[in-house]
Amino acid sequence: MAETDRERRVIDEVTKGLIIGGSVRDATGQKTFGVEDPSTGEILCDVADASPEDGMAALDAAAAAQADWAATAPRERGEILRRAFELVTERADDIAMLMTLEMGKPLAESKAEIGYAAEFFRWFSEEAVRISGEWKVNATGSGRVLVMRQPIGPCLLITPWNFPLAMGTRKIGPAIAAGCTMVIKPASLTPLTILELADILAEAGLPDGVLNVVTTKSTGKVMGPLITDGRIRKLSFTGSTEVGQKLLQQASEQVLKTSMELGGNAPFVVCADADVDEAVAGAMLAKMRNIGEACTAANRFYIHADVAEEFTKKLTERMGDMKVGRGTEEGVEVGPLVEADQRDKVAELVDDAVQKGATVRTGGQVPSGQGYFYPPTVLADVPTSARLAKEEIFGPVAPIFTFTEDDEAIRAANDTEFGLVSYLYTKDLSRAIRLSERLEAGMVGLNQGMVSNAGAPFGGWKQSGLGREGGSVGIEEYLEVKYVAMNV
Ligand code: NAP
């Protein structure tokens, strides 16, 4: 339940229906589901619970709008994105409140996400006018080769709950820039932020039908028929590897172009020559950003034995001092986890590590009271047999392992089926380059605890995914290449 007038206002004002073809409508049979505040477990409001027919109506709208939208001037598409960037930035305080209420993270973190999320609109507003092609003379000298890039067509975008806005703008931005229409399905735990964003995009001038929003609890039943309907030409998914694998199978039916931003299990390697204070500051960011509920979250800390105790002590002090509470409260640095299952999974992983011999340096106990809180936790002497050495924790828990040789650290860091991001701290430039090259990950944070950047290609190796979002390659995911063989 919203607790203050401001909380009530942002909840009252947000659209709660399906957004299809520019109209807000109820789901078939007026079905709805509740959106919970994870800090209290109470329902904030109800939103439309789409049926498979509603999902299909959203696809109909996207398909109907595709041809006109693809024909708009790139500058016009860019300017819509630019206006949306400005509106999101102006309204950051209210959007942050909405996001904190439905997702739990502290207001300052929601504001930080909004800044990051808006950057995708600014970045792709600039990319919209830079879609290029190629022209060349055949090797024989007679014919010509013309290469053009065209919008791929209607896209299905499926986003997770952990970054309710940024995971949306990272897909919507390039799709708009490229000239694609969309159906987006936000996570059912956090649908409100995307509904708010859709209203902002309409205000920024996005034509009806270009972005259609489907909220549902019957996710598989509503999404399945869309994925296998030949009109969808692109599936962009951010979420767990398990669901991503299922969707890839479904996508194979229509040989859909897919982008998959999946799970992570990031290693955080600190060499003996690292600046320990900087490494601790980076670890705080890599671990505690988003309460640890980030695909980029440092999951396993490999610290050189010479600096392991100093690093552990300093990290323990910083994590132990963090203020835990409802995200809307002043000064709170750690909100609740998103739901009871998530909190229970984190507790289970910690208990398993402790049973196998890990030492709790701070945290480690589920607090009593309402909400899905888990305290910042540091575990030392963690055996490699602990489940959290292999599984994505998705919570505020830092397990510390030690090493003595670089080779040992790299082997351990790469010993995972995931490969999203790795963090590396060293002051030695040649070691930094050598080890960065050996880390099996799509991204490396070198002496920094955060890699997210709208202007850089974000994505993973191995089971962390397919494709890249952001940077100059981000728009390619929404374009098809066509080559015209010219008899000149
Ligand atoms: P999830 O359970 O995989 O859900 C993600 C989205 O997929 C939600 O919208 C969910 O809808 C939907 N979904 C679930 N089952 C589906 C199905 N059968 N068909 C179609 N859609 C389906 O993941 P999550 O728990 O929300 O997010 C956490 C995961 O996302 C973590 O593994 C994290 O590492 C990953 N992640 C990756 C990145 C990256 O860029 N690599 C970024 C952020 C998060 P419902 O909400 O209705 O279930």
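Remember, it's 1-based here, ligands and their atoms both numbered in the order they're listed.
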task: Decide whether T181 and Q66 meet the rule of one side-chain donor and one side-chain acceptor closer than 3.5 Å.
output: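 Indeed, the side chains of T181 and Q66 share at least one donor-acceptor pair under 3.5 Å.
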
Short side-chain donor-acceptor distance under 3.5 Å, R326 and T328: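 Side chains of T328 and R326: pair found under 3.5 Å.
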
Pull out every atom of ligand 1 sitting under 4.0 Å from any heavy atom of [X], numbered as shown with elements.
X: F394; answer: 28 (C), 31 (C), 33 (C), 34 (O)
X: G263; answer: 32 (O), 34 (O)
X: M223; answer: 20 (C)
X: N162; answer: 43 (C), 44 (C)

What protein heavy atom sits nearest [atom], and how far away is it?
atom: atom 12 (C) of ligand 1; result: I158 CG2, 3.7 Å
atom: atom 13 (N) of ligand 1; result: T219 CG2, 3.5 Å
atom: atom 36 (N) of ligand 1; result: C295 CB, 3.5 Å
atom: atom 41 (N) of ligand 1; result: L262 O, 2.7 Å
atom: atom 3 (O) of ligand 1; result: S240 OG, 2.6 Å
atom: atom 35 (C) of ligand 1; result: G239 O, 3.1 Å
atom: atom 19 (N) of ligand 1; result: L247 CD2, 3.4 Å
atom: atom 7 (O) of ligand 1; result: F237 CE1, 3.1 Å

task: Determine, using heavy atoms of K185 and all atoms of ligand 1, whether some pair is separated by less than 4.0 Å.
output: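 A heavy atom of K185 does come that close to ligand 1.
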
message: So is W161 touching ligand 1 or not, going by heavy atoms under 4.0 Å?
response: yes

4.5 Å side-chain heavy-atom contact, [X] and [Y]:
X: K234; Y: L256; result: no
X: P375; Y: P367; result: yes
X: F311; Y: V280; result: yes

Look only at the side chain of [X] and the backbone of [Y], and say whether a donor-acceptor pair between them is shorter than 3.5 Å.
X: K462; Y: T416; value: yes
X: K105; Y: S110; value: no
X: N212; Y: G21; value: yes
X: R300; Y: A412; value: yes
X: N265; Y: E417; value: no
X: T258; Y: M260; value: no

Within reach of ligand 1, part of [X] (heavy-atom separation under 4.0 Å):
X: T296; answer: neither
X: F163; answer: neither
X: E242; answer: neither
X: I227; answer: neither
X: L420; answer: side chain

Between the candidates [options], which shows the shortest non-hydrogen contact distance to [atom]?
atom: atom 5 (C) of ligand 1; options: L235, T238, V243; answer: T238
atom: atom 46 (O) of ligand 1; options: G442, S188, P164; answer: S188
atom: atom 9 (O) of ligand 1; options: T159, N265, T215, I194; answer: T159
atom: atom 40 (O) of ligand 1; options: R170, K221, M167; answer: R170
atom: atom 17 (C) of ligand 1; options: G220, P160, G264; answer: G220

Greater than 12 external heavy atoms within 6.0 Å of K356's NZ: yes

message: Looking at K323, I'd like to know if its NZ atom is crowded, meaning that more than 12 non-hydrogen atoms belonging to other residues, nucleotides or ligands lie closer than 6.0 Å.
response: yes

statement: Exactly one candidate in E477, E469, E113, E119 meets salt bridge (Lys or Arg N to Asp or Glu O under 4.0 Å) with R170; the answer is E469

message: Check this for me - ligand 1, S464, N or O atoms closer than 3.5 angstrom, yes or no?
response: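 N/O-N/O distance below 3.5 Å does not exist for this pair.
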
task: Find the distance between CG (L192) and CG (L165) and round it off to the nearest 0.5 Å.
output: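 Separation between the atoms: 12.5 Å.
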
